[in-house]
Enquirer: 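Quick one: the structure is below, and I'll ask about it shortly.
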Amino acid sequence: MATEFQNKVYRLLKRIPRGKVTTYKHIAHALKCKAYRAVGMACNKNPFAPKVPCHRVVNSDGTLGGFARGVKAKKALLTREGIEIKNNAIVKFKQVVYRF
DNA sequence: GCTTTGACTCTCG
DNA sequence: TCGAGAGCCAAAG
């Protein structure tokens, strides 16, 4: 782990149950900050690759946003968890979103 | 140690 | 409804 901030992010991500997703905004809010972008960075540099489900983090509007290994991989992973994706966007976003 | 950049979000036109 | 601009925080250069 690099910093405490990132550690907090990873910890929150680990909380996310399978088949659910969250947004950068919610994570930042859980950390009581507006470091939406910093949260994304933490995931990008995620040293706990498979341990931390960074692919379960999407934009506030339900779109996938970005992914280090390509949006396609993210899409595939989410679909694998039972989340429907349509054009890089979560179909039933409000239903699969996980609130801390 | 300051400047740039980024897997973001909000507001305005 | 959609695109552009500004704002925010942290990490890297």
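This is a predicted model, so every value here is computed, not measured. Note on naming: letters A, B, ... go to the chains in the order of the sequence lines (proteins, then strands), and numbering restarts at 1 for each one.
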Enquirer: So does A:Lys20 have more than 12 non-hydrogen atoms from other groups sitting under 6.0 Å from NZ?
Expert: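 Enclosed: over 12 neighbouring heavy atoms sit under 6.0 Å from NZ of A:Lys20.
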Enquirer: How many angstroms lie between OH in A:Tyr36 and OG in A:Ser60, if you round to the nearest 0.5 Å?
Expert: 8.5 Å
Enquirer: Which is true for A:Ala38 with a 4.0 Å heavy-atom rule: it touches a base, it touches only sugar-phosphate, or it touches nothing?
Expert: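 A:Ala38: base contact, heavy atoms under 4.0 Å.
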Enquirer: Between atom CZ in A:Phe5 and atom P in C:dA11, what is the gap in whole Å?
Expert: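 Value for this atom pair: 7 Å.
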Enquirer: Got a donor-acceptor contact below 3.5 angstrom from the A:Asp61 side chain to the A:Thr63 backbone?
Expert: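 The answer is yes, because a donor-acceptor pair under 3.5 Å joins these two groups.
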Enquirer: Could you run down nucleotides 7-13 of chain B 5' to 3' and tag each one B, S or - for protein heavy-atom contact under 4.0 Å?
Expert: BBSS---
Enquirer: How many whole angstroms separate atom CD of A:Glu4 from atom P of C:dA10?
Expert: 13 Å
Enquirer: For A:Lys14, is the NZ atom crowded, meaning more than 12 foreign heavy atoms sit under 6.0 Å from it?
Expert: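 Yes, enclosed.
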Enquirer: Hey, are the side chains of A:Arg56 and A:Leu13 touching, using non-hydrogen atoms and a 4.5 Å cut-off?
Expert: no
